[in-house]
There are 2 protein chains.
Amino acid sequence: MTDSEGSQRTETLQGPTPAAACDLIARGLDRGAIVTAYGRCTVDYDGRASSRLEAGHRHVMLKPDGAALVHTDEGQQPVNWQPPGCDHEVVREDDALVLESVRSTPNERLRVRFEDVLQVSAFSGSDENDLALVGTEEDLRQRILEEPDLLEAGFTPLATERETPAGAVDIYGEDAADRAVVVELKRRRVGPDAVSQLRRYVDALERDLHADAAVRGVLVAPSVTDRASGLLTEHGLEFVALEPPAE
Amino acid sequence: MTDSEGSQRTETLQGPTPAAACDLIARGLDRGAIVTAYGRCTVDYDGRASSRLEAGHRHVMLKPDGAALVHTDEGQQPVNWQPPGCDHEVVREDDALVLESVRSTPNERLRVRFEDVLQVSAFSGSDENDLALVGTEEDLRQRILEEPDLLEAGFTPLATERETPAGAVDIYGEDAADRAVVVELKRRRVGPDAVSQLRRYVDALERDLHADAAVRGVLVAPSVTDRASGLLTEHGLEFVALEPPAE
DNA sequence: TGTTCCATGTCGGGT
DNA sequence: ACCCGACGTGGAACA
């Protein structure tokens, strides 16, 4: 069953024989299509870890960039997958259809063995558009750089991504009294990890400047958890409630 | 085009009219099927952040648990998505077909507007099997509990998930000299964040025990980055190279 | 390639 | 619900 609308193409087989399914998939992979298969299968993975999934009905997608996704009827995340950069292969084994996606560095292998293929499809067509996303940490940074008083009156940003021995500081600046200020940004409510991160930067910068004057550390986020709040106090760090711009 | 094999069903339409596509999708959602659509569409998301994606060819999957996935021909991750728990809806608007997935807490809305639907499908069939995964942090923990000498000669595990004011410690125990030992496990090579985490636990435990004797902190992972190694030294923490069991 | 950190992270377990 | 940390995290930017 083929549909040809100019350069866009879709091919599908329902309840195909293994041979027919294998053929459609092979041709789909060959011409750089997105290939999907649905049916009863087992899934084996071996690489950074190892897994096995007993027989059940799943949806498999092979992308032309080498990514592979195995989805069940539940969950946002695939139950098994392979990152882009893999080589896809389709072979027949006895009465079964086997899809295999392999990569190196690290050596990883994903193997889906269909004992019953209910549908296979191949979709062609590229996507030249990028996602326009708003509300990220970068947007929050822009907001502060444009209006430093949002952090506190008299704050002056001096650098972004300033390097320290502990890593790059989101915003580095000075307060009204010319004290060094390290600002760590988070787009959402923060826990203990963000406080530790800020602490690393403050420690490193104090050492780096080997100044007597202490470096101030300010965490900027929509809100903090209790534990994180305690850690902030404990380490003499500060918090400013601020969200990424809404639009 | 319907295929009925007992209780397993797949339905597919190629190059359907908006009305036919809408009908198939509505019935699919109704009976708890996985619904997919492929075609030229725009995608809008608004919630924790906001995004817009101009027209292009994408593959959309709606799951019966409320998850939604929009995939392009590249990348392991969907370009847009919605977590499980959403309500899916399909409506016709002018000549277009619109899929909408909405949830609350937080309020989020995903809207896919197809100006051209090349294929729609509905797949039924559940998956009662769980994934059997080996090589996780839990496996690494078991390995050490069964053979504590892997950490160091004379180590005695006393508790797992021991609570401290900073959170739960992976393994808590004593060394040959009866000194308290905090063990933090990572299944893969670690960076600065893991060192900070271990440090939080050691600090908290020292305070908790208000003992004079210092608490030892040991990071167990396959390897460490340079920066993390420096941080370990700086804070008097230790490292033991150990991997999760391979099988 | 290796390191570091963000993410609409997602997911599971605990309180 | 919120908190917390693991994840085969994935992905990008930078050295």
Answer yes or no: is there an ion pair linking [X] with [Y], defined by an N-O contact shorter than 4.0 Å?
X	Y	value
A/Glu184	A/Lys186	yes
B/Lys63	B/Asp127	no
A/Glu137	A/Arg187	no

The single option from [options] passing side chain to side chain contact (heavy atoms under 4.5 Å, CB included) against [X]:
X	options	value
A/Leu62	A/Val90, A/Leu99, A/Ile34, A/Val112	A/Leu99
A/Leu151	A/Val183, A/Thr156, A/Ile171	A/Val183
A/Val202	A/Val215, A/Thr164, A/Val169	A/Val215

Can you list, by residue number, the residues of residues 189-203 of chain B that have a non-hydrogen atom closer than 4.0 angstrom to DNA chain C?
B/Arg189, B/Pro192
Worked verdict on B/Arg113 versus B/Thr42 for side-chain hydrogen bond (donor to acceptor under 3.5 Å, both in side chains)
CA-CA 5 Å; B/Arg113 180 191 164 93; B/Thr42 57; 5.3 Å; no
Taking OP1 and OP2 of [N], is either one under 4.0 Å from a side-chain nitrogen or oxygen of [X]?
X	N	result
B/Thr136	D/dG8	no
A/Ser51	D/dG8	no
A/Arg48	D/dG10	yes

Could you walk me through whether B/Glu234 and B/Val195 satisfy the side-chain contact (heavy atoms from CB on, under 4.5 Å) test, starting with their C-alpha distance in whole Å, then the side-chain angles of each, then the deciding distance to 0.1 Å, before giving a yes or no?
CA-CA 10 Å; B/Glu234 189 178 320; B/Val195 180; over 6 Å; no
At the 4.0 Å heavy-atom cut-off to chain A, mark where contacts on DNA chain C begin and end, going 5' to 3'.
C/dC5 to C/dC11
Considering only atom [atom1], compute the distance from [N] to [M] and round it to an integer number of Å.
N	M	atom1	value
C/dC5	D/dC7	C1'	16 Å
C/dC11	D/dG11	P	15 Å
D/dC4	D/dG8	P	23 Å

Report the C-alpha distance between B/His59 and A/Phe123 in whole Å, list the side-chain angles of each, state the deciding distance to 0.1 Å, and finish with yes or no for ring pair (Phe, Tyr, Trp, His ring centres under 6.0 Å).
CA-CA 9 Å; B/His59 182 279; A/Phe123 307 101; 5.6 Å; yes
Pairwise N/O distances under 3.5 Å, protein to nucleotides 11-15 of chain D:
residue	atom	partner	partner atom	Å
D/dG11	OP1	B/Gln76	N	3.0
D/dG11	OP1	B/Gln77	N	3.2

5' priority, DNA chain D, between A/Val224 and B/Glu138 [closest heavy atom]
A/Val224
5' precedence on DNA chain D between B/Gly135 and A/Ala228 (nearest-nucleotide basis):
A/Ala228
Shortest non-hydrogen contact between B/Gly66 and B/Cys86, atoms and distance
O-CB, 3.1 Å
Separation of [X] atom [atom1] from [N] atom [atom2], in whole Å?
X	N	atom1	atom2	answer
B/Glu184	D/dC4	CD	P	15 Å
B/His71	D/dG10	NE2	C1'	12 Å
A/Asn80	D/dG10	CG	P	12 Å
B/Glu137	D/dA6	CD	P	5 Å

Does a donor on one side chain and an acceptor on the other come within less than 3.5 Å for B/Ser196 and B/Asp193?
no
Reckon B/Ala67 touches a base, only the sugar-phosphate, or nothing at all at heavy-atom distances under 4.0 Å?
nothing
Would you mind classifying the nucleic acid contact of B/Thr105 as base, sugar-phosphate or nothing, using non-hydrogen atoms under 4.0 angstrom?
sugar-phosphate
Identify, between A/Ala166 and B/Trp81, the residue whose nearest nucleotide on DNA chain C lies closer to the 5' end.
A/Ala166
Nearest-nucleotide 5' precedence on DNA chain C, A/Asp170 against B/Asp226:
B/Asp226
Heavy-atom count check: over 12 atoms from other residues, nucleotides or ligands less than 6.0 Å from A/Arg109 CZ?
no
